[in-house]
Each structure stands twice: as structure tokens, then as C-alpha cells.
Amino acid sequence: MTVDTHIALKEALGRIGYVAEDTLAMALHLALSLGRPLLLEGPAGVGKTEVAKALTEHLGARLIRLQCYEGLDSSHAIYEWNYQRQLLAIRADHASEEALFSDRFLLKRPLLEAITQDEPPVLLIDEIDRADEEFEAYLLEILSDFQVTIPETGTITATARPVVILTANGTRDLSDALRRRCLYSYIDYPDRDTELAILARRGPKLEARLARQIVGVVQALRREELEKTPGIAEMLDWAAALAGLGINDLAEDRATVQATLVCLLKTAADRDAAPAEVLDRIIGKVA
């Protein structure tokens, strides 16, 4: 292993449109080389999910995604039995108990699907902090040993270890047991230069001045007291909207620019917190 291997990964991700900072590139490199899950934490909208998508494209792998939510349980995340088919089998041919609990009747959910692939997939466990604390216990066996225990049939061990990416927005504290099983990286809102690089690679073709104005306004809005801070996706949407309207300078048509803030401000309270005079003040500083 050479000391600049993570730089090669950073450059590879850049070629497919994801701008990764050195610390994130190192975390990804170590997760791949050590075969360890990686927990990505940070505010909503900073591109945590996009990390998994970019890594999937880089590896040429399959992406298997588990979207977490309150009340998520093992039947939706790991597996469940197809009870309807089992009942039909009993009525049709009086199937034995051993036959009823076979792969034929097993419904694989994302976690079991991920460890039964012939080629290593990327397993994205998205927004793990939205799930209940009890659900984390289901994950520990998979994150530690890459296996699932099914009481009726036994333990299924991964044929090819998936690359596991977990994301969290910080809505609740995660357990120490979960954190110990993962490598960790915190992703914050990008600095000005990084966001300009993201806009250049992921957004529409813009004049340099307009690109600087867009990033300047978005970063200024993030310092305002908003309920939903605009993320990178919102910034790219706004850039596309401005480009589509033929706006080349934010100072030219303030009314139209103000109207396009629907791309950035996603609640009534945030809309009220950024009236025309606020936008005028911000544009005056970045124009």
C-alpha cells in the first residue's frame, strides 16, 4: 500500500463527478482495504448518499439500498417467509416443514440480499438514525461477521462481503456498539472552493462569475437561521433553474432571482426569513 492510494481514489471519484475531500477519500480507501463498514455522519444535504452511489459506479458494483425509517424491523430489512406461498404448498402437496423453510419461500430483504451476492455489492444503509434504537441490534451481526441467522434454517454467511456505507443526519445518538463496528467520517457543508468544484462538475455550464455568485448566495443563506438549510442538491437545482432562465448575473433581475429561491427555501418560515431585502443584501456582497 502506498501513502497516496487514497488520492488515486479521490481522483477516480472526481472523474465520475463526486468531489471528495482528502479525509473522506482516506476513510473510503480504508473501508475498502480493511473490509470495514463506514459510517458517514453530517447534516442533511451534504452528499452522504451520493458517496455510496459514486463508489458503486467506481467499483462497477450493484447498489443495494436500505432506507431506514421509524418502525423498521427485520421483516422489512433482513428477511421474511412468504406465508401465503407456504400455505398454498401445504394445501397442494402437504409439504414438509423442511421444505416449507427453504429458499423457495424465503423473501430476501436488502440486508440478506446484500450478503448473498456472488460479487460484492455496495450496501447503503441510509439514515440509520431514523430507525429505532432496537433496530441497531439487528445490524450488529451483519456489521461484525457479515452473516444472518435465520432460526428455521441456520446461519447464512456472506459469499462475497459487501461494501457497507451507513449514513446518519444526527437526529439521534447512535449506539456505541454500532459505532465500534464502523470506520467514521463526518461530512460537513463544503467550503467555497469545494462547492465551486462540485458546481463545475455536476451543474450546468455557467460563466465563472455567475458560478461564484450562486455559491456565495447559497453559503450566505446557510448562515441564516433557516429551518431547512439548503444542501448541495438544492444548490445544483438553483443553478439549473438560473441557467434555464438565461440569467447571467444575479444583480440584473432581482425579482426573477427572488422567485427562483423556491429551489433553495423549502418551508414557509424559510421563505419569510429570506425576503427581497435579505437577498439584496446577500447579492450585494457576492456580486
Side-chain angles (χ1 to χ4, degrees), residues 10 13-21 24 40-54 57 65 67 124 126-127 130 167-171 186-287:
K10 175 181 177 178
L13 292 175
R15 286 192 292 272
I16 58 178
Y18 190 89
V19 181
E21 295 185 345
L24 174 59
L40 301 177
E41 201 165 24
V46 294
K48 300 184 296 297
T49 300
E50 291 300 316
V51 173
K53 293 179 179 179
E57 184 175 349
R65 179 175 181 174
Q67 179 63 53
L124 170 60
D126 214 6
E127 298 183 307
R130 289 186 178 274
T167 73
N169 296 333
T171 57
Y186 186 87
I187 303 180
D188 207 342
Y189 292 109
D191 59 27
R192 178 179 177 276
D193 290 342
T194 300
E195 194 152 20
L196 280 170
I198 293 171
L199 178 55
R201 296 187 185 188
R202 300 288 299 275
K205 293 187 180 298
L206 302 172
E207 293 184 3
R209 180 184 182 186
L210 179 59
R212 291 193 298 269
Q213 289 177 336
I214 289 171
V215 170
V217 169
V218 171
Q219 298 215 336
L221 284 174
R222 289 179 186 146
R223 295 190 289 270
E224 300 289 327
E225 295 184 4
L226 301 178
E227 290 182 349
K228 302 294 182 183
T229 304
I232 296 171
E234 285 77 19
M235 181 274 293
L236 293 172
D237 285 345
W238 192 42
L242 294 170
L245 292 170
I247 294 175
N248 296 314
D249 186 345
L250 296 186
E252 288 179 353
D253 188 346
R254 298 289 180 89
T256 300
V257 172
Q258 180 74 34
T260 62
L261 292 186
V262 295
C263 298
L264 300 177
L265 306 175
K266 300 301 180 69
T267 71
D270 288 349
R271 181 197 60 197
D272 294 341
E277 54 267 27
V278 171
L279 181 62
D280 288 344
R281 168 174 56 82
I282 293 174
I283 291 177
K285 292 181 179 180
V286 302

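For the numbers below, each heavy atom of this structure counts, side chains included, while hydrogens, waters and symmetry mates do not. Computed from a prediction, not measured in an experiment: that's the story for all the values here.
With sequence neighbours left out, the side-chain contact (heavy atoms from CB on, under 4.5 Å) criterion links Ala20 to Leu13, Tyr18, Leu24. A search for side-chain contact (heavy atoms from CB on, under 4.5 Å) contacts involving Asn248 returns nothing, not counting sequence neighbours. Here Lys228 pairs with Thr267, Asp270 under the side-chain contact (heavy atoms from CB on, under 4.5 Å) rule; sequence neighbours left out.
Here the closest non-hydrogen pair linking Thr260 and Val257 is OG1-O, 2.6 Å. Nearest heavy atom pair, residue Leu210 against residue Ile247, reads CD2-O, 3.1 Å. Considering all non-hydrogen atoms of both residues, Arg222 and Thr229 come closest at CG-CG2, 3.3 Å. Of all non-hydrogen atoms in Pro230 and Leu264, the two that sit nearest each other are CB-O, 3.8 Å. The two residues Pro204 and Ala239 come nearest to each other via the heavy atoms CG-O, 3.7 Å. Contact record, Leu226 with Ala273: CD2-CB, 4.0 Å, taken as the closest heavy-atom pair.
A donor-acceptor contact shorter than 3.5 Å links the side chain of Gln258 to the backbone of Ala274. The backbone N or O of Glu127 sits less than 3.5 Å from a side-chain atom of Thr167, completing a donor-acceptor pair. In this structure, the side chain of Lys48 engages the main chain of Gly42 through a donor-acceptor pair within 3.5 Å. Formation of a donor-acceptor pair under 3.5 Å by the Asp249 side chain with backbone atoms of Ala251 is found in this model. Judged purely by atom type and a 3.5 angstrom limit, Lys285 has no side-chain atom pairing as donor or acceptor with the backbone of Ala220.
Salt bridge Arg254/Glu277: absent, no basic N to carboxylate O contact under 4.0 Å. Under 4.0 Å is where a charged nitrogen must lie from a carboxylate oxygen, and between Glu227 and Arg271 no such pair does. A salt bridge links Lys266 and Glu234; the closest N-O separation between the charged side-chain nitrogens and carboxylate oxygens is under 4.0 Å. Salt bridge absent: Glu195 and Arg212 never bring a charged side-chain N and a carboxylate O closer than 4.0 Å.
The CG atom of Asp253 lies 9.0 Å from the CG atom of Leu245; values are rounded to the nearest 0.5 Å. Interatomic distance, CZ of Arg201 versus CG of Leu236, reported as 13.0 Å (0.5 Å rounding). To the nearest 0.5 angstrom, Thr194 atom OG1 is 11.0 Å from Asp188 atom CG. Separation of atoms CD1 (Ile198) and CG (Asp193) is listed at 11.0 Å; rounding is to 0.5 Å. Annotation: the span from Leu250 atom CG to Ile214 atom CD1 amounts to 6.0 Å, rounded to 0.5 Å.
When side chains are defined from C-beta on, Arg202 counts as touching Glu50, because their heavy atoms get closer than 4.5 Å. Considering only heavy atoms from C-beta on, Asn169 stays 4.5 Å or farther from Pro43 through its side chain. Inter-residue side-chain proximity for Tyr189 and Ile232 is flagged as unmet; no heavy-atom pair is nearer than 4.5 Å. Side chains of Tyr186 and Leu40 form no contact here, defined as non-hydrogen atoms less than 4.5 Å apart. A heavy-atom distance below 4.5 Å is found between the side chains of Thr49 and Arg65.
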